[in-house]
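Below, all heavy atoms of this structure are taken into account, side chains as well, without hydrogens, waters or symmetry copies.
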Amino acid sequence: MTFLLARRIARLISGLALYAFADALMIRAALGVDPWTVFAQGLMAQTGLGIGVLTNIIGVLVLLLWIPLRQRPGLGTVLNVLLLGPMIELSLWVIPAMPNIWAQAGMFSAGLVLLAVASGIYIGARLGPGPRDGLMTGIHNRLGWPIWVGRFGVEATVLLVGWVLGGNVGVGTLAFALLIGPLCNITLPLMGVRSARMAAAVDSEPAPSPRSPDDRTLLSDQQEHEPPRDRVVRLGVRRLAGGRHHRSHRAAPDRSHR
C-alpha cells in the first residue's frame with residue numbers, strides 16, 4: 001500500500017467517523033432528521049433493531065439496487081456500508097440528550113455544519129461514493145434523469161415511508177433539505193473537492209511529454225499536492241503560451257520560394 005493510498009483511506013475513515021457523529025447529533029437533538037435517517041427510525045420503531053444496524057442493512061439493500069443500474073462500488077462504498085452504522089451507535093452512546101429547545105437547536109445546527117464538513121472530507125478521498133449517492137448517479141446515468149429529479153424522487157419516497165412507519169419528521173428535516181446543499185457548496189471546495197468546471201479544466205490537460213521514471217514520479221507527487229486553483233492557472237498559462245506560439249508560426253512569411 002502506497003503512502004498516498006494510506007492517506008486517502010485515513011481521510012475516508014475520519015470523514016465517515018465525523019459524518020456519523022454529526023448524524024448522531026441531529027438524531028439526539030430530536031428536531032427532525034434527514035430522509036434516510038427518518039426511514040431508519042421508522043424501521044426501528046417497527047422492528048426494534050438499533051438504528052446503526054438498520055443503517056447498515058439499508059446501505060446493503062441500496063447497494064443491491066446498483067446492480068441493474070450497472071454501478072461499480074469502490075473501497076469507500078464498502079467502508080461506508082460497514083462502518084457508518086456502528087459509528088452512529090457509538091456516537092449516540094456518548095452524546096447526551098439536551099434539556100431544552102435552545103440546546104436542541106444548537107446541537108442540531110452543530111450537527112448540520114459538521115455533516116457538511118464531513119462530506120467534503122470523505123468525498124475528497126476519491127475512493128467511491130456512498131451507496132445512496134451512487135444510487136442517484138446511477139439513476140442519472142442509466143435513465144437520463146437529472147440528478148436532482150432522482151434525488152428528490154428517492155428521498156421523498158423514503159421520507160414518506162419512514163414518517164408513516166414512525167420516523168421523526170420535524171423542523172430539522174426541513175432545515176436539512178434547505179441548508180445541506182448550500183453548506184456543502186461551501187465546505188467541499190474548502191476540503192479540496194473540485195467543482196465541475198475546475199474538474200473539466202484539469203481533465204482536459206494535454207498529455208505530458210515523455211520523461212524519465214524518476215521525473216514522472218516527482219511530477220506526479222508535485223501535482224498530487226498542488227492546489228486545484230493553482231493547477232488551473234498553470235494550465236491556462238500553458239494554453240496561452242501555446243496559442244501565441246501557433247499564431248507566430250502562422251504570421252511568419254514563407255521566403256523559401258523567393
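- Under the 4.5 Å side-chain criterion, counting only non-hydrogen atoms from C-beta, V158 is not in contact with V38.
- R132 places no side-chain N or O within 3.5 Å of a backbone atom of V62 that could act as its donor or acceptor partner.
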Self-check item: From CA spacing to verdict: side chain to side chain contact (heavy atoms under 4.5 Å, CB included), V154, W36
Solution: CA-CA 10 Å; V154 171; W36 286 103; 3.6 Å; yes
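- One distance of note links CG of N141 with CG of L69; it measures 9.0 Å at 0.5 Å rounding.
- With values rounded to the nearest 0.5 angstrom, N80 atom CG is found 12.0 Å from I13 atom CD1.
- If you take OH on Y122 and CG on L84, they are separated by 8.0 Å, rounding to the nearest 0.5 Å.
- In the hydrophobic cluster analysis, where Ile, Leu, Val, Met, Phe, Trp and Tyr join through side-chain heavy atoms closer than 4.5 angstrom, L75 is grouped together with L83.
- Side-chain contact between F176 and V33 is absent, with no heavy atoms from C-beta onward closer than 4.5 Å.
- Taking 4.5 Å as the limit, every side-chain heavy atom of P189 sits out of range of all side-chain heavy atoms of M191.
- A distance of 11.5 Å separates CD1 in I9 from CG in L4, rounded to the nearest 0.5 Å.
- The minimum heavy-atom distance between Q104 and A30, with the atom names listed, is NE2-CB, 3.9 Å.
- Residues P131 and T77 approach most closely at N-CG2, 4.3 Å, considering heavy atoms.
- The shortest side-chain heavy-atom distance between L159 and F39 does not fall under the 4.5 Å cut-off.
- Applying the side chain to side chain donor-acceptor pair (under 3.5 Å) criterion to N56, with sequence neighbours excluded, gives no partner residue.
- Tracing side-chain contacts under 4.5 Å through hydrophobic residues (I, L, V, M, F, W, Y), one reaches V60 starting from I58; they form part of the same cluster.
- In this structure, R28 and I95 approach most closely via the heavy-atom pair NE-O, 3.0 Å.
- In this structure, the side chains of I88 and I51 come closer than 4.5 Å at one or more pairs of heavy atoms.
- Residue Q71 is tested with I139, L63, T137 for a side-chain contact (heavy atoms from CB on, under 4.5 Å); the sole match is T137.
- Closest approach of P68 to R142, counting heavy atoms only: O-NE, 3.6 Å.
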Quiz prompt | Evaluation steps, side chain to side chain contact (heavy atoms under 4.5 Å, CB included), between I121 and S14 | solution = CA-CA 8 Å; I121 293 174; S14 63; 3.9 Å; yes
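- Hydrophobic clustering, with ILVMFWY side chains joined whenever heavy atoms are under 4.5 angstrom apart, keeps L174 apart from M107.
- The heavy-atom pair separating S119 from Y19 by the smallest distance is OG-CE1, 3.7 Å.
- Inter-residue side-chain proximity for D23 and M87 is flagged as unmet; no heavy-atom pair is nearer than 4.5 Å.
- Clustering ILVMFWY residues whenever any of their side-chain heavy atoms sit less than 4.5 angstrom apart, transitively, puts I147 in a cluster other than the one holding F152.
- Counting heavy atoms from C-beta outward, L25 and F108 have side chains that stay 4.5 Å or more apart.
- The distance from atom CG of N168 to atom CE of M26, rounded to the nearest 0.5 Å, is 12.0 Å.
- E155 is linked by a salt bridge (charged side-chain N to carboxylate O under 4.0 Å, His left out) to R151, counting only residues two or more places apart in sequence or in another chain.
- Hydrophobic clustering places L165 together with L61 (ILVMFWY residues linked when any side-chain heavy atoms are closer than 4.5 Å, directly or through intermediates).
- Atom OG in S109 sits 11.0 Å away from atom CG in L114 (nearest 0.5 Å).
- Of the listed residues (T187, L190, I186, L183), just one forms a side-chain contact (heavy atoms from CB on, under 4.5 Å) with V117, and that residue is T187.
- No more than 12 heavy-atom neighbours from other residues, nucleotides or ligands sit within 6.0 angstrom of CH2 on W145.
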